[in-house]
Amino acid sequence: MGKTISEKILSAHSGRDACAGDIVIAELDFMMAQDGTAPLSIRSFEGMEGTAVAHPERAAFFIDHSAPSPLRAVSDLHDLMRAFASKYGFELSDVGEGVCHQVMLDRGHALPGGLVIGADSHTCTYGAVNAFSTGVGSTDLAAGLLSGSLWFRVPETMKVTVSGALRPGVFAKDIALMMVGDITADGATYHALEIGGETISAMELDGRMTISNLAVEMGAKAGLMEADDKTLAFFRGRTDAALKPVSPDPDAKYIEVVEFDVSDLVPQVASPHTVDNVGAVGEVEGTPVAEGLIGTCTNGRPDDLRVAARIVEGGKVAPGVRLIVAPASREVMLRALAEGLIEVFVEAGAVVVPPGCACCVGTHQGVPGDGENVISTANRNFKGRMGNPEAFIYLASPATVAASCLEGRITDPRRHFD
Amino acid sequence: MVIKGKAHRFSDDVNTDYIISGRYKFKTLDMNELGRHVMEDLDPGFHARLEKGDFLVAGKNFGCGSSREQAPLALKAAGVAAVLAESFARIYFRNSINNGLPALVCDTSQIADGDQLEIDLESGTISDVASGATVESSPLSGVMVDILSEGGLVEYIKKHGGLVTE
């Protein structure tokens, strides 16, 4: 019987003929945790009486969610991570290196056909480069560090096909939000997604990563795409490993097939307080905003910064609005500097913060005030997500966030693309 | 083992940010401290009403969102003895079992806020004392039963030295 990408990757890593529904123990190619989850992994590892990390060359810790540290207590947890990584001889990506998911991709830690776990729910981002990657908790991660493997239930797969050319001013984020709105917050729970079609093929990797990043917002375990020439080109200079992309068999069995035509798609916005509360930008146009965020593991990549810079260039952020820009990694920051994008943001009155998660998860660098509306390129708009349960978070593309911050209210970005 | 306690009703899509907010969880590994803030953004009075041994009863997709294991740990530290829901988000579900906090998938539609419940953890049968109704929860996979019966994944690994197949 034909196999899906998930079934093939989990078969190859477990040495079994794995089919959806099976439980397998599979060898991991890479595992990581960040500063919100690693300290608890350390505690679990010690509780398991671990004395060695099975494959130090396959592990990394990332200090990105509260970086640089805003508090003494957080600094202590960061030090705990540094000491543990040093003791067991694995990589520690420190303050300023960037968001774990972007650095994982920048450094070639998540490869086509690979199996990766991360103690962060948006680990599904690497599905865009054909890796079966999924979020786990700290204790599962600790078990991975200790043994080099983990148990998985082989997921059923939902096939998502996207066709049609995007109109000017409409981007990968709009497709991702539309999908979450349609499939809903639990519509893909326990399933892997295989996302493809002509629109995905035409899309650059930055956009594909945005879409795979939001797979977990539909409950999915993975958001897989097939590798193509663009994928292989991305890894040039990033890894010496032989790349082994995995494609589904033509007769692979899918639990559901969903098709989207995006030819007429308009910019999308997810309104408070759930990611699947999605509508056309026109439904919320004019809503005043006090803060904008461009960045995060969803939309902090070069293509995102380029489109946002193009919109704000020569303009000014509206009075009373804070536009926070956070490149996803040091590599992205350097490229944005080289292309003059950072200068454009600063000239326009934006606040550029270090590579990392910025204010996405409410720990620092832009906690909104009571009653304020935020428009953000991040992936979650839960009440309290950015550190204040009295604030309201709207999610949109970098173009929509940039256009909205110039006006001081939610704005359709298409006027900048006429 | 039969456990008894009071039901605290919640709706669908209770995310892990609601269970324990990021503004607390990045600061400490003290779960008793985090336990004082569980469900705070959704229901600020929740912790004050919660008694040790009580149950959370929710709709679908409980525990969606972030992978934070502090969610089940803080619930457990606060005194929650089990969570009952129509469905769970997958990372939360693993985390809950890995930490020995029972997560029961069942029809929760007939359970009202404040109902006294009796749960037989071995059979998975839930009895509502007030209405007399009983519901059966879906069985766990074999590996999860093994982990839960050891009291969590840390104890399991300590005992077996790693994951073992059936």
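Just the heavy atoms: all of them, side chains too, but no hydrogens, waters or symmetry mates, feed the values below. Just so it is clear: chains get the letters A, B, ... in the order the sequence lines come, proteins before strands, and each one is counted from 1.
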Contact winner vs chain B - [options], heavy-atom pairs under 4.5 Å:
options                                : value
A:Ala185, A:Ser147, A:Gly219, A:Gly362 : A:Ala185
A:Asp76, A:Val275, A:Asn388, A:Leu150  : A:Leu150
A:Glu49, A:Met386, A:Arg380            : A:Arg380
A:Ser138, A:Ala142, A:Ala73            : A:Ser138
A:Gly137, A:Ser149, A:Ala143           : A:Gly137

Applying a strict 4.5 Å limit to non-hydrogen atoms, the region of A:Arg72 in contact with chain B is neither
Please look at A:Thr189 and chain B and tell me whether the side chain, the backbone, both or neither of the residue comes under 4.5 angstrom of a heavy atom of that chain. side chain
Working to the nearest 0.5 angstrom, can you tell me the gap between [X] [atom1] and [Y] [atom2]?
X        : Y        : atom1 : atom2 : value
B:Arg23  : A:Ser66  : CZ    : OG    : 13.5 Å
B:Asn15  : A:Lys383 : CG    : NZ    : 11.0 Å
A:Met218 : B:Asn61  : CE    : CG    : 12.5 Å
B:Asn98  : A:Asp140 : CG    : CG    : 4.5 Å
B:Tyr18  : A:His273 : OH    : NE2   : 6.0 Å
A:Ser44  : B:Ile157 : OG    : CD1   : 10.0 Å

Are any of the side-chain heavy atoms of [X] and [Y] separated by less than 4.5 Å?
X        : Y        : answer
B:Leu29  : A:Leu80  : yes
A:Val361 : B:Phe26  : yes
A:Thr139 : B:Asn99  : yes
B:Arg90  : A:Thr134 : yes
A:Leu71  : B:Lys27  : yes

Quick one: which residues of residues 140-155 of chain B reach chain A at under 4.5 angstrom, heavy atoms only? B:Ser141, B:Val143, B:Met144, B:Ile147, B:Leu153, B:Val154
Which bit of [X] is near chain A, if near means a heavy-atom gap under 4.5 Å: side chain, backbone, both or neither?
X       : value
B:Phe88 : both
B:Glu40 : neither
B:Asp41 : both

Is there any residue in residues 31-41 of chain A with a non-hydrogen atom under 4.5 Å from a non-hydrogen atom of chain B, and which ones are they? A:Gln34, A:Asp35, A:Gly36, A:Thr37, A:Pro39, A:Leu40
For B:Arg68 and A:Ser121, does a side-chain donor sit closer than 3.5 Å to a side-chain acceptor? no
Can A:Arg385 and B:Asp17 be counted as an ion pair, charged N to O under 4.0 angstrom? yes
For B:Ser67 and A:Ala119 the tightest heavy-atom approach is OG-C, 3.5 Å
All heavy atoms of B:Ser87 vs all of A:Asp186, minimum pair found to be OG-OD2, 4.4 Å
Crowded around B:Gln110 CD? As in, over 12 foreign heavy atoms under 6.0 Å? no
